[in-house]
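A, B, ... follow the sequence lines: proteins, then strands. Residue 1 opens every chain.
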Protein chains: 2
Amino acid sequence: MDGGQIAAVRRFNRTVTAAAGALTDAYLDEDLSLGAARVLWELARLVDTEGGAPVALRLVRDELDLDPGYLSRVVARLAAAGLLASAVDPTDARRRLVAPTDAGRARIEVYDRRSDALAAGRLAPLTAGARARLVAAMGEVERLLAASSVAIDEVDPETDDAQHCLRAYYAELDERFDVGFDVTASLPVRPEEVRPPAGVMLLACEHGRAIGCGSLKFHGEAPAEIKRLWVDRAARGLGVGRRLMDELENRARAAGCRAVRLDTNASLVEAIAMYRARGYVEIPPFTDEPYADYWFEKRLD
Amino acid sequence: MDGGQIAAVRRFNRTVTAAAGALTDAYLDEDLSLGAARVLWELARLVDTEGGAPVALRLVRDELDLDPGYLSRVVARLAAAGLLASAVDPTDARRRLVAPTDAGRARIEVYDRRSDALAAGRLAPLTAGARARLVAAMGEVERLLAASSVAIDEVDPETDDAQHCLRAYYAELDERFDVGFDVTASLPVRPEEVRPPAGVMLLACEHGRAIGCGSLKFHGEAPAEIKRLWVDRAARGLGVGRRLMDELENRARAAGCRAVRLDTNASLVEAIAMYRARGYVEIPPFTDEPYADYWFEKRLD
DNA sequence: CGATATCTGTGACTAAAGTCAAAGGATGGA
DNA sequence: TCCATCCTTTGACTTTAGTCACAGATATCG
């Protein structure tokens with residue numbers, strides 16, 4: 001990467017933080033500090049993502065990464081102002097459940113209206129065309145920034161995150177294949193087959209959320225086999241699949257494999273295009289996978 | 001503008017401030033607080049823009065909008081650490097001149113290297129194509145954000161900013177016209193002609209820097225005349241010209257004019273395209289302007 | 001059951017960031 | 001020359017944000 005790009009990122013950061021800094025003003029409050037207002041706002045967001053039920057204070061602490069003593073006091077202040085209600089968790093009396101009250105919701109409304117006004121003020125001077133271009137460019141920056149914060153790590157195939165990805169993968173196959181997809185009819189991949197030393201499973205995570213996976217089964221000197229490659233629909237087109245493939249191939253190469261193989265279904269057209277673009281070539285069937293239509297191999301020079 | 005756009009701007013602000021927040025880490029310093037580090041950095045920037053000579057502390061205060069007491073202490077701390085040198089201004093003993101020392105410059109180098117590393121870390125996980133798209137989108141956001149912070153205000157034609165724009169305008173004409181441009185050969189526009197009540201002059205400013213101008217000469221009931229419309233090259237394509245024209249036409253309409261007129265040179269193709277797009281139609285010459293090739297009029301319904 | 005770990009709350013701090021008022025020296029205009 | 005104004009410094013605060021250690025209640029594991 002060249003220095004011009006680095007300079008561009010830095011210039012962008014400077015401009016945009018200055019512009020977005022004004023956003024802080026939206027959270028100014030007569031009787032609440034900025035920190036308290038932020039906790040209230042984030043709490044409401046957490047409660048909403050959890051379906052509206054009160055959330056454990058512990059979750060808030062983890063999410064915002066705050067000191068327990070500090071958070072305890074902030075919560076006490078919010079409760080005293082009547083903006084937040086808390087109660088002991090009936091399933092675990094050590095925990096405390098918190099949720100914003102109606103008054104708290106009303107306060108958040110105020111912040112939101114002010115934030116909207118600031119955003120609208122940003123857009124107002126622009127012509128409709130420029131406005132559309134700005135919003136589009138912002139979306140692009142956001143998507144790519146999200147992509148750049150995706151980390152790829154080795155994981156045990158029996159962890160919750162890994163299982164979540166596999167379930168999502170099966171669900172998508174079931175939806176896309178004309179005949180549906182039944183895991184039990186497919187060739188099984190047992191956890192121990194994709195766990196060292198027999199294999200490896202990789203997870204792509206964005207801010208701790210698993211959004212993709214891929215695994216590798218070693219066959220000694222013979223070509224290693226790539227299995228269960230999947231990327232969340234919302235994260236496609238950002239190179240996550242490519243990065244997973246890169247890393248899987250690297251692992252195979254490091255393990256001394258001369259080639260990697262995989263099988264795939266004809267309806268997975270984007271995946272097939274990616275395999276071909278990466279140098280995979282079609283070979284005769286090497287598995288009895290009932291859902292497979294194509295078999296590919298790539299030599300790892 | 002629709003709510004989706006506002007929501008997009010807000011989402012963008014949230015994402016990007018979080019991402020850029022990490023940038024703060026670049027300014028962490030063993031023996032300097034964040035605020036002090038920032039003052040040092042901004043001071044160096046100011047000194048550089050002023051051509052390397054020490055700048056008045058007063059200027060720093062205005063630029064960063066700090067409390068005099070606070071700044072005084074920060075500067076004292078920086079001076080004690082040997083990062084900044086200060087001296088009484090020989091031309092005005094109330095003022096103090098400050099500049100970073102070599103040690104201060106070295107410290108800033110450290111911040112810059114860390115900032116670069118953070119920016120590079122942002123880009124590293126992306127493929128070359130995604131990287132280029134990100135940098136391009138960041139540039140677009142920056143440009144449009146800059147455009148949205150352009151303010152258009154009425155100004156006296158004899159202020160420095162107005163004169164600066166006119167000089168830049170003449171210089172550009174001289175460069176673009178085949179025969180060059182000589183102000184004294186052109187029809188004069190005296191200040192009082194574009195100052196109320198005879199006329200009006202508008203200035204487009206971005207963060208206090210003048211980047212465009214335009215003026216209007218009233219002729220009673222007869223069509224008003226638009227003169228000296230100019231936008232800085234770096235700010236073109238952002239709708240600044242369009243906004244200046246909008247405002248000039250509004251002023252003419254408010255003054256009871258039924259139409260506006262202007263003359264222009266054949267080499268100013270973008271301007272001519274804009275006039276046509278805005279509904280200006282060619283009319284017979286109504287001035288003796290030697291540099292004019294086209295005369296346009298627009299009816300203000 | 002007991003040991004150990006977990007979650008929250010309390011007390012006691014600290015550093016940073018900033019505000020306000022007043023003072024002292026310097027300047028510029030009447 | 002005098003007076004109002006300007007720039008900087010100093011002292012005396014305040015608020016915010018956060019840290020650290022520990023206590024008390026509760027849960028979990030062996």
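Contacts of B:Tyr170 classified as ring pair (Phe, Tyr, Trp, His ring centres under 6.0 Å), with partners at least two apart in sequence or in another chain: B:Phe181. Residues passing the side-chain contact (heavy atoms from CB on, under 4.5 Å) test with B:Arg14 are A:Trp41, A:Glu42, A:Arg45, sequence neighbours excluded. Every residue two or more places apart in sequence or in another chain was checked for a side-chain hydrogen bond (donor to acceptor under 3.5 Å, both in side chains) with A:Glu50, and none qualifies. Listed by chain and number, the residues in a side-chain contact (heavy atoms from CB on, under 4.5 Å) with A:Ala26 are A:Arg114, A:Ser115, A:Leu118 (sequence neighbours excluded). Legend: residues meeting salt bridge (charged side-chain N to carboxylate O under 4.0 Å, His left out) with A:Glu206, ordered by chain and number and at least two apart, are absent. Checked against salt bridge (charged side-chain N to carboxylate O under 4.0 Å, His left out), B:Arg167 has no partners two or more places apart in sequence or in another chain.
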Spell out protein contact along nucleotides 24-30 of chain D as letters: B when the base is contacted, S when just the sugar-phosphate is, - when no protein heavy atom is under 4.0 Å; keep the 5' to 3' order. --BS---
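Near DNA chain C, meaning a heavy atom under 4.0 Å away, the residues from residues 60-74 of chain A are A:Arg61, A:Pro68, A:Gly69, A:Ser72, A:Arg73. Proximity of residues 27-53 of chain A to DNA chain C (heavy atom under 4.0 angstrom from any strand atom) is not detected for any residue.
When DNA chain C is scanned in the 5' to 3' direction for atoms under 4.0 Å from non-hydrogen atoms of chain B, the outermost contacting nucleotides are C:dA17 to C:dT27.
As rounded to whole Å, 15 Å separates atom C1' of D:dT9 from atom CZ of B:Arg77.
The pair A:Glu140-A:Arg143 fails the salt-bridge criterion, with no side-chain N (NZ, NE, NH1 or NH2) lying under 4.0 Å from an Asp/Glu carboxylate O. In this structure, B:Asp89 does not pair ionically with B:Arg94, as no charged nitrogen and carboxylate oxygen lie closer than 4.0 Å. Taking a cutoff of 4.0 Å between a charged side-chain nitrogen and a carboxylate oxygen, A:Glu158 and A:Arg195 qualify as a salt bridge.
Under the ring-ring contact (aromatic ring centres under 6.0 Å, His included) criterion, the residue pairs touching residues 66-118 of chain B are B:Tyr27-B:Tyr111, with sequence neighbours excluded.
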For residues 57-66 of chain A, tabulate all N or O donor-acceptor pairs below 3.5 Å that involve a side-chain atom, not counting sequence neighbours.
unit_1	atom_1	unit_2	atom_2	d
A:Arg58	NE	A:Asp62	OD1	3.4
A:Arg58	NH2	A:Asp62	OD1	2.7

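More than 12 heavy atoms of other residues, nucleotides or ligands shown are found within 6.0 angstrom of CG on A:Asp31.
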